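Comments concern the structure below.
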Amino acid sequence: MSGHEVPKLKVEQRTLVWDSAAETQVMWLEGFINLPLGSVIQLHSKTAPIAGEATITGVTLLAGDETRPLTLRLDCNVSAGWDVHYEAVDQ
């Protein structure tokens with residue numbers, strides 16, 4: 001035993017949809033939303049009702065630390081038609 005206290009992390013329920021190829025955020029969702037591999041999220045934009053698709057390829061639990069809460073990340077392949085990229089936001 002090292003004598004160090006085990007970290008106690010705040011569990012805020014949030015999910016990050018992540019474009020694995022572009023290494024960028026697609027969207028944040030309130031709550032833990034664990035979709036099965038192969039699930040498809042239809043992506044919308046201001047100019048098109050369905051602007052692309054994000055297919056779930058992996059699920060990662062990001063442990064966080066004292067300043068960042070626990071986050072569920074849905075790793076995705078995003079279709080080539082999706083061209084909306086946001087500046088990264090650490091929620």
Side-chain angles (χ1 to χ4, degrees):
M1 286 221 171
S2 64
H4 295 285
E5 186 176 331
V6 175
K8 296 175 185 163
L9 304 176
K10 184 176 181 180
V11 178
E12 289 185 16
Q13 299 206 353
R14 66 187 197 159
T15 301
L16 170 62
V17 178
W18 180 256
D19 182 341
S20 298
E23 295 186 355
T24 189
Q25 300 171 9
V26 176
M27 69 180 74
W28 285 93
L29 306 170
E30 291 185 21
F32 277 164
I33 302 171
N34 189 9
L35 298 175
L37 299 180
S39 294
V40 174
I41 300 171
Q42 291 184 338
L43 303 172
H44 301 265
S45 72
K46 292 180 181 179
T47 59
I50 300 176
E53 293 182 341
T55 303
I56 309 298
T57 59
V59 178
T60 304
L61 184 63
L62 304 173
D65 56 29
E66 291 79 16
T67 61
R68 294 182 190 182
L70 190 72
T71 301
L72 184 67
R73 185 182 76 199
L74 300 178
D75 303 313
C76 300
N77 284 336
V78 178
S79 63
W82 177 248
D83 60 358
V84 178
H85 295 284
Y86 302 102
E87 185 174 325
V89 174
D90 182 25
Q91 295 217 336

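Remember, predicted model here, so these are calculated numbers, not experimental data. Note that these values count all heavy atoms, side chains included, but never hydrogens, waters or copies made by symmetry.
- To the nearest 0.5 Å, atom OG1 of residue T71 and atom CZ of residue F32 are 7.0 Å apart.
- Under the 4.5 Å side-chain heavy-atom criterion for ILVMFWY residues, a single connected hydrophobic cluster contains both L61 and L74.
- Applying the side chain to side chain contact (heavy atoms under 4.5 Å, CB included) test to I33 and every residue at least two apart in sequence or in another chain returns T15, L29, L35.
- One N or O on the side chain of S79 and one on the backbone of E53 form a donor-acceptor pair closer than 3.5 Å.
- For residues 54-63, the set of pairs meeting the side chain to side chain donor-acceptor pair (under 3.5 Å) definition, not counting sequence neighbours, comprises T60-R73, T60-D75.
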*asked:* Please determine whether side chain to side chain contact (heavy atoms under 4.5 Å, CB included) holds for the pair C76 and D19, giving the CA-CA distance in whole Å, both sets of side-chain angles, and the decisive distance to 0.1 Å.
replied: CA-CA 5 Å; C76 300; D19 182 341; 5.9 Å; no
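- The side chain to side chain donor-acceptor pair (under 3.5 Å) search around S39 returns none, not counting sequence neighbours.
- Considering only residues two or more places apart in sequence or on other chains, E23 meets the salt bridge (charged side-chain N to carboxylate O under 4.0 Å, His left out) condition with none of them.
- Note on V59: it clusters hydrophobically with V17, by side-chain heavy-atom contacts below 4.5 Å among ILVMFWY residues.
- The two atoms that bring A54 and V78 nearest to each other are CB-CG2, 4.1 Å, heavy atoms only.
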